[in-house]
Amino acid sequence: MQKIGYLLFLMCFWLNMNAQHHHCGTLDHKTKWLTQFQQRLEKGLVQKNLNEPLNIPMTIHLVGSDDGRGYLSIATLLDALCTLNEDFEQWNIQFFMQDILYVANERWNNHATFAIGREMVDANSIPNTMNIFFVSNAAGACGYANINSYYSVVSKNCTGKGDHTWAHEIGHALSLNHTFYGWEAIGDIDSINYNFNEPAPEFIRYRGNNILVERMDGTNCREAADGFCDTQPDYLFNRWACNNDTRSRQLQKDPTGVSFNSDGSLIMSYAFDACQNRFSEEQALAMRANLIEQKDGLGRQAMPFGRIEQSTILPLSPLDSGLVNAENGFLEWEAVPNATHYIVQVSRLPTFPIFDVNQMVEGNSIALPNLQLGRRYFWRVRPFNYYSSCAPASPRFTFIATASTSTKDLNLSEGIQITPNLIGTGETIYIRFAQPRQEKVVVRLLDVNGKMLDSKQYNAAYDLEHHIQVNGTGLYLLQIIVGKEQVVKKIVIQ
Ligand SMILES: [Zn+2]
């Protein structure tokens, strides 16, 4: 008996906790502008021009503790940006980071009230960009925004690949309401005891207004709830799980007694992240109009970054399993088209639980700190730019820290001449060394993924005639290894 009593106590406690937790802290209200936009939509006065790309600049504010710790990691930021852009891609709205700013302020990082949050937003916002604040505590919610504003605040715990909180809060900032608009009031006062088996009321009193409850037959969709006719009725004010069709398990009854399940694919609902993946067309039209009419055409600019289509990383120095100087060592890899930055991670363990290097660099090389002599290290590289952030980290490569390489690979590179670099298969290329050496030379032909296609050894680093045999044309890499040094040159086979 005692055990059951304790369990009941625990359950009540858990339900209470759940009731108090607001997934989204936005104080939902419908703006006059959105009401008027929806009236124009109803009269057919809105041009459905979805083809013009809108590319929205953002200022990213990474908020941490007073001593500059606990910032959202760049890798997680990139994962989250990838999901954000996937969420908006269907409607030709894309986001890029104009700047990433670090804010060391524990009061803002861990704010329990909207007033402190507002102080943070006012002190840091950069005009003519969307300002996104990543904090540890977003006033107890996963995130919040002001309806029709230039900012969103998102909790780091609700940020990452497949989490749609960021998109949801941007939706609010671009004027959208929840699909269950009005029902937040029930969530505030009666979230545990509300009986969904009864037909819903005609109106719900929310923040001083009577909000019309949306019917299944669509007769009041323009005035009721969120005011969009392509988002169906939804009364679910707590977070909810969906079935395989992304519909709610919870059955609801509209004011006329018609039963329905909510659509969890909509990002402005409270369905779990695994259900969500889209905005409706009318929601997209409203957000686009909001950018143009309310935000001075924000986003009407060319995207300053290209999309990273290929994410294969090819190590150049050293090649995989090569040697690196323990002091003044460096890593270099083949540049990825359109990538402006890379995250480089070096670890002593193959699973990367801790890092010797975990750094964002511009350009395709990095100088390493002093390494432990004779030790094997693992490394990987993730290419990105401030817009295109979906590429994963490369497979892991290895190197051994050594003292023995006297010359850097780059010197060797300058001392080797290859002619011609545009050749036909079966033809001969000439490899000339500026400083001939009595050392064994290995010449390998690699495809652009680093796969070895051919290998041949020579006895001295002196004028070589090397035959190229390969099936297929295109870009290839010639790896020339002299003793412990190596260089990789591009050649085109036609
Ligand atoms: Zn919300």
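Each residue takes its place number in the sequence, starting with 1. In each ligand, atom 1 is the first atom listed, and ligand 1 is the first ligand listed. Only a predicted model underlies this, so the values are computations on that prediction, with no experimental measurement involved.
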Inset, instruction - Could you pull out all residues at least two apart from E223 that satisfy salt bridge (charged side-chain N to carboxylate O under 4.0 Å, His left out)? - result: none

Inset, instruction - Indicate the ring-plane relationship of H61 and F133, choosing parallel, tilted or perpendicular according to the 30° and 60° boundaries. - result: parallel

Inset, instruction - Sequence neighbours left out, what passes ring pair (Phe, Tyr, Trp, His ring centres under 6.0 Å) with Y387? Give chain and number order. - result: none

Inset, instruction - Can you sort out the partners of F228 under ring pair (Phe, Tyr, Trp, His ring centres under 6.0 Å), two or more places apart, ordered by chain and number? - result: none

Inset, instruction - For the Zn ion (ligand 1), state how many protein N, O or S atoms fall inside a distance shorter than 2.8 Å. - result: 4

Inset, instruction - Measure the distance from the SG of C24 to the SG of C142 and say whether it is below 2.5 Å. - result: no

Inset, instruction - Quick one: sort the W183 and F237 rings into parallel, tilted or perpendicular, breaks at 30° and 60°. - result: parallel

